[in-house]
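Reviewing the structure listed below.
Below, chains carry the letters A, B, ... as their sequence lines are ordered, and counting in each starts from 1. Below, each value reflects all heavy atoms present in this structure, side chains not excepted, and no hydrogens, waters or symmetry copies. Predicted model only: the values in this text are computed from it and were never measured.
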2 protein chains.
Amino acid sequence: MQQLKGIKVLLVDDEPSILQFLELGLQNEGFEVQTAMEGMTAINIAKEFHPHVVVLDVMMPGMDGFEVCRMLRKTENVAVIMLTARDEVEDRVKGLTIGADDYMVKPFSFEELLARIHARIRNQFPNLFGEVVIGPFRIDNRRKEIKHEDRVLELSPTEYNLLEFLLLNHGLVLSKAVILSKVWGYDFGGEENIVEVYIRSLRDKLNDKEHRLIRTLRGSGYRVDII
Amino acid sequence: MQQLKGIKVLLVDDEPSILQFLELGLQNEGFEVQTAMEGMTAINIAKEFHPHVVVLDVMMPGMDGFEVCRMLRKTENVAVIMLTARDEVEDRVKGLTIGADDYMVKPFSFEELLARIHARIRNQFPNLFGEVVIGPFRIDNRRKEIKHEDRVLELSPTEYNLLEFLLLNHGLVLSKAVILSKVWGYDFGGEENIVEVYIRSLRDKLNDKEHRLIRTLRGSGYRVDII
DNA sequence: CTCAAAATTCAACAAATTTTAAGCATGCTT
DNA sequence: AAGCATGCTTAAAATTTGTTGAATTTTGAG
């Protein structure tokens with residue numbers, strides 16, 4: 001059985017009975033669950049709660065699931081699973097479920113939902129389960145800690161995010177634009193120079209004076225080389 | 001979590017919400033994205049942008065997806081993925097006959113679109129992914145690295161681009177004009193002498209003193225000979 | 001509200017890359 | 001072999017890109 005402590009799910013549906021049923025079921029599986037019955041509420045909760053997965057009914061009074069999904073995506077790094085009723089599929093909703101990472105047609109079994117949540121988490125948050133070991137590094141996502149050769153690095157939140165991203169993508173050249181959009185968010189307004197500044201800070205803390213750990217590929221970006 | 005920097009996607013749909021959603025999602029995955037809401041616009045953008053993949057809605061006011069697809073194929077080397085609503089599935093045959101590489105039925109998940117884009121790129125632009133082996137050379141686009149007999153070449157960005165171009169077209173005679181336009185871009189203002197300068201630099205780094213790897217064909221251009 | 005840590009911006013500096021240009025070498029034609 | 005065209009080599013100028021330390025702004029805890 002998979003360890004799911006610390007994985008957060010936000011359920012959004014205007015039907016209280018469904019909501020309660022899913023909430024109980026998921027809590028029973030070890031998830032942390034919050035619920036909302038309305039789009040705007042969902043977005044506000046998400047800003048505090050930072051769920052890993054949002055399960056979202058498409059048809060809701062007021063703001064519909066599509067709109068909620070779009071707004072969530074702007075600020076949260078989250079997987080979205082949409083729910084649609086069968087007769088809505090043929091309707092105007094057709095094509096609108098497109099923005100979600102996955103969608104399910106009602107009615108569905110609880111097992112099916114569980115399976116899809118697992119799939120999404122595995123896909124989007126691979127490092128959420130326990131420690132990820134990458135060469136001389138160990139990323140502990142739960143503790144927000146990275147060790148380098150058994151030495152805990154004292155990192156600010158942004159430094160942590162950046163180093164985690166670099167490590168999880170070691171071996172690939174990552175352009176400053178990609179790093180910006182992945183670590184700072186696609187809507188970050190500032191200059192790419194900030195990436196350079198943080199890279200420097202990481203190199204400092206890693207004693208990477210020769211730039212051998214974090215290599216600069218002039219004109220292309222940076223690449224972490226695990227030896 | 002895969003980085004796909006450098007892969008360009010053109011989205012064509014007359015529904016702004018869908019367009020925006022796919023754009024955000026794909027950008028978030030590291031793609032370069034452009035969008036068009038109308039067939040003629042799409043074709044004009046494609047001429048400048050040279051996308052690797054075009055995602056094309058069949059049903060559009062004015063020029064329909066089939067027409068756009070046919071015109072694109074005339075001038076661009078591009079993979080086309082068509083989108084059709086469920087009740088338009090008969091169009092599928094038409095789409096594939098006319099030259100689409102793949103098609104998807106709405107509604108679809110974002111994941112599914114990603115998977116298909118990956119599949120198409122893998123198929124049509126293999127050098128954008130893993131390693132391409134050409135004789136004693138290995139091009140790794142994602143690492144921005146070229147190995148020669150297991151030795152990593154230290155190349156500047158332009159040297160890399162040039163060598164990649166030469167290798168991918170080995171056996172062909174490439175005139176300086178063609179090299180200039182392909183490696184430096186059609187709007188480069190300088191002299192062809194710069195090609196000579198860079199060829200020399202490559203020959204240096206390849207220990208190609210005898211010009212056996214990169215052969216000069218006086219009056220015609222250069223040719224890479226893979227033994 | 002205050003303060004310190006963190007995040008961001010800025011600008012001077014450093015380094016690598018690209019481009020240019022001039023002289024040299026080589027091969028081709030007559 | 002002379003003369004010409006084409007390609008080669010080289011080094012220095014111009015440009016681009018990355019680095020760095022410090023200044024400034026923002027954020028969040030107490």
(request) Return the nearest nucleotide to the side chain of B:Arg203; candidates are D:dG7, C:dT19, D:dC8. (result) D:dC8
(message) C:dT18, OP1 or OP2 - any side-chain N/O from B:Thr158 closer than 4.0 Å?
(response) yes
(message) Measure OH/A:Tyr198 against C1'/D:dT20 and give the value in whole Å, please.
(response) 15 Å
(message) From the set C:dT8, D:dC8, D:dT19, return the single nucleotide nearest to any side-chain atom of B:Glu196.
(response) D:dC8
(message) Using every non-hydrogen atom in the two residues, find where B:Ala79 and B:Arg120 come nearest and quote the distance to one decimal.
(response) CB-CB, 4.0 Å
(message) Whether the side chain of B:Asn193 and the base of D:dT9 hold a donor-acceptor pair under 3.5 Å is what I'd like checked.
(response) yes
(request) From the options C:dT20, D:dG18, C:dA6, select the nucleotide whose nearest atom is closest to the side chain of A:Pro157. (result) C:dA6
(request) Check the distance between D:dA5's C1' and B:Lys176's NZ and give it to me in whole angstrom. (result) 11 Å
(message) Expressed as a whole number of angstroms, how long is the span from A:Arg215:CZ to D:dT19:P?
(response) 12 Å
(message) Distance alone, cut at 3.5 Å: any donor-acceptor contact between the side chains of A:Asn161 and A:Glu164?
(response) no
(request) Take atom CZ of A:Phe188 and atom C1' of D:dT25, then tell me their distance rounded to the nearest Å. (result) 12 Å
(message) Please classify the nucleic acid contact of B:Tyr160 as base, sugar-phosphate, or nothing, using heavy-atom distances under 4.0 Å.
(response) nothing
(request) Check every atom of D:dG18, D:dC8, C:dT9 against the side chain of B:Tyr222 and return the nucleotide holding the closest atom. (result) D:dC8
(message) Restricting to non-hydrogen atoms, name the atom on A:Arg212 and the atom on A:Asp208 that form the minimum distance, rounded to 0.1 Å.
(response) N-OD1, 2.8 Å
(message) Can you identify which nucleotide, out of D:dG18, C:dT20, C:dA6, has its nearest atom closest to the A:Ser156 side chain?
(response) C:dA6
(message) If you count heavy atoms of other groups shown closer than 6.0 angstrom to CD of A:Gln20, is the number above 12?
(response) no
(request) Over all heavy atoms of both residues, which pair between B:Ala36 and B:Leu19 is shortest? Give the atoms and the distance, please. (result) O-CD2, 3.8 Å
(message) Rounded to whole Å, how long is the line connecting atom CG of A:Leu155 with atom P of C:dA6?
(response) 10 Å
(request) Grab the CD-C1' distance between A:Glu48 and D:dG28 for me, whole Å please. (result) 13 Å
(message) Does A:Arg218 contact C:dT17 through a side-chain donor or acceptor facing the base, at a distance under 3.5 Å?
(response) no
(message) Measuring to OP1 and OP2 of D:dT19, would you say a side-chain N or O of A:His211 lies under 4.0 angstrom away?
(response) yes
(request) Indicate whether OP1 or OP2 belonging to C:dT18 is found under 4.0 Å from a side-chain N or O atom of B:Trp184. (result) no
(request) Let me know the distance between CD of A:Glu191 and P of D:dT17, rounded to the nearest Å. (result) 14 Å
(request) Let me know the distance between CD of A:Glu192 and P of D:dT20, rounded to the nearest Å. (result) 18 Å
